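The next block holds one structure in the form of structure tokens; read it before the comments.
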2 protein chains.
Amino acid sequence: MSKSELVVLGQDDAVACCSPMVREPLGEEAAVDLARMFKALSDPVRLRLLSLIASHEGGEACVCDLTGPFDVSQPTISHHLKVLREAGLVGSERRGTWVYYWVLPAALAKLSSLLQTPAGALPSTAEATA
Amino acid sequence: MSKSELVVLGQDDAVACCSPMVREPLGEEAAVDLARMFKALSDPVRLRLLSLIASHEGGEACVCDLTGPFDVSQPTISHHLKVLREAGLVGSERRGTWVYYWVLPAALAKLSSLLQTPAGALPSTAEATA
DNA sequence: GGGCTATATCGATGGTCATCGATTCAGAGT
DNA sequence: ACTCTGAATCGATGACCATCGATATAGCCC
């Protein structure tokens, strides 16, 4: 943490709200930090895991709920969950026999706000200027 | 494949606005598509490139503006720009001697809305439920 | 304790990726 | 046509990563 003097984006783990990267260039350190989080999202299995956890009732899911819907082995699921956890996107806790995972909303919100486009850029899709 | 009866997200390339993955599980095809876009964002250099392009005056930047701020070689920058373009995050056009790149806001908005957390999850940071 | 189930870790393997130097392609100007 | 400059492509290389089977760890129940 710390590194408190720069004006670059996302320098701490708090929510970098209202500072989309469209506004000002990203600092190098911030870019490294954010790239690590995006890399955690760059796998289809992890993306579905995250979505499965987030949309599960109670906001958390047991690993036993997560191994079923995938074609990959249990160690692979465990690996992907570890990646998500180390990226700060999910939290986990063992309760008795089972281990539960939940999404850390602040992390998602940080990335979401970073990608936010300033104006109502939504209507005109894709190749507007192309 | 197919599994067409589900209510899964983002099955087409339109903007998946208002359908954050926190709401309902991501379909497999949608996950593959989205993972490809997030992978393009999973590199610090690409993240800074994107931010540099987006925040440049006029909303677009010449490649000659982009090779300076990095320690990597010109072919590497060119490679990263290609990755961003093929991920549908930026557009490009040659104008005379120079090639210009600009951000495609709809793509960023799509990812941003996907990561949006439903309620005001912003205030309480991280381990809320832990 | 012994066995059973749920997760995590380990080690190996095949594939993908970031990076480079060298080269090629494209346009402009002389 | 020649040359100069900006940018993309090529081929190689070392690093990283997703995946697996085998094994280890953790907690429950009898």
Side-chain angles (χ1 to χ4, degrees), chain A residues 26 28-29 31-53 56 60-87 89-102 130, chain B residues 26 28-29 31-53 56 60-87 89-102 130:
Chain A
L26 226 46
E28 186 166 354
E29 297 182 27
V32 169
D33 189 57
L34 291 164
R36 202 172 357 227
M37 306 184 76
F38 281 123
K39 184 172 296 180
L41 297 175
S42 71
D43 184 276
V45 174
R46 282 198 292 268
L47 226 36
R48 290 177 63 203
L49 274 174
L50 192 67
S51 157
L52 219 50
I53 294 170
H56 200 266
E60 59 180 19
C62 168
V63 176
C64 58
D65 297 323
L66 303 173
T67 44
F70 297 93
D71 294 344
V72 300
S73 70
Q74 175 268 322
T76 299
I77 293 292
S78 194
H79 160 70
H80 284 308
L81 288 172
K82 183 180 187 178
V83 171
L84 288 173
R85 180 160 26 90
E86 290 181 341
L89 296 174
V90 303
S92 70
E93 184 192 15
R94 168 160 226 135
R95 284 205 285 278
T97 305
W98 298 279
V99 177
Y100 292 87
Y101 282 78
W102 57 87
Chain B
L26 226 46
E28 187 166 353
E29 297 181 27
V32 169
D33 189 57
L34 291 164
R36 201 171 0 224
M37 306 185 76
F38 281 123
K39 185 171 295 180
L41 296 176
S42 71
D43 184 277
V45 175
R46 283 198 290 269
L47 226 37
R48 290 177 62 203
L49 274 174
L50 193 67
S51 157
L52 219 50
I53 294 170
H56 200 266
E60 59 180 19
C62 168
V63 177
C64 58
D65 297 324
L66 302 174
T67 44
F70 296 94
D71 295 343
V72 300
S73 69
Q74 175 267 322
T76 299
I77 293 292
S78 194
H79 160 70
H80 283 309
L81 288 171
K82 183 179 186 179
V83 172
L84 287 173
R85 179 160 28 88
E86 290 181 340
L89 296 173
V90 302
S92 70
E93 184 192 15
R94 168 160 227 134
R95 284 204 285 276
T97 305
W98 298 280
V99 176
Y100 291 87
Y101 282 78
W102 56 87

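Atom set for the values below is all heavy atoms of this structure, side chains included, hydrogens, waters and symmetry mates excluded. Chain identifiers are assigned alphabetically (A, B, ...) following the order of the sequence lines, protein sequences preceding nucleic acid strands; residue numbering begins at 1 within each chain. In this text, all values refer to a predicted model and were calculated from it rather than measured experimentally.
- Within 3.5 Å, no donor on the side chain of A:Q74 pairs with an acceptor on the base of C:dA6, nor the reverse.
- The main-chain N or O of B:P75 is never found under 3.5 Å from a side-chain atom of B:S78 such that the two would form a donor-acceptor pair.
- Using a 4.5 Å heavy-atom threshold, the side chains of B:E93 and B:V99 count as separate.
- Here chain A contacts DNA chain D (any atom closer than 4.0 Å to a heavy atom, that is under 4.0 Å), and the contacts span D:dC17 to D:dC28 from 5' to 3'.
- In this structure a side-chain-to-backbone donor-acceptor pair under 3.5 Å is missing from A:R85 to A:V90.
- Two residues, B:Y101 and A:R94, neighbour DNA chain D, and the one matched to the more 5' nucleotide by heavy-atom proximity is B:Y101.
- Taking SG of B:C62 as the start and CZ of B:R95 as the end, the distance is 9.5 Å to the nearest 0.5 Å.
- Residues from residues 75-85 of chain A placing a heavy atom under 4.0 Å of any atom in DNA chain D, listed by number, are A:P75, A:T76, A:H79, A:H80.
- Comparing the end axes of the helix from C:dG1-D:dC30 to C:dT30-D:dA1, each fitted to five base pairs by superposing C1' atoms of four pairs onto the next four, gives an inter-axis angle of 20° (nearest 10 degrees).
- Nucleotides of DNA chain D nearest to A:K39 and A:D71 differ in position, and the one nearer the 5' end is that of A:K39.
- Within the nucleic acid shown, B:Y100 has no heavy atom closer than 4.0 Å to any nucleic acid atom.
- Side chain of B:S51 to backbone of A:L26: a donor-acceptor contact under 3.5 angstrom is found.
- Remark: side-chain polar atoms of B:R46 are not paired, donor with acceptor, to backbone N or O of B:R48 under 3.5 angstrom.
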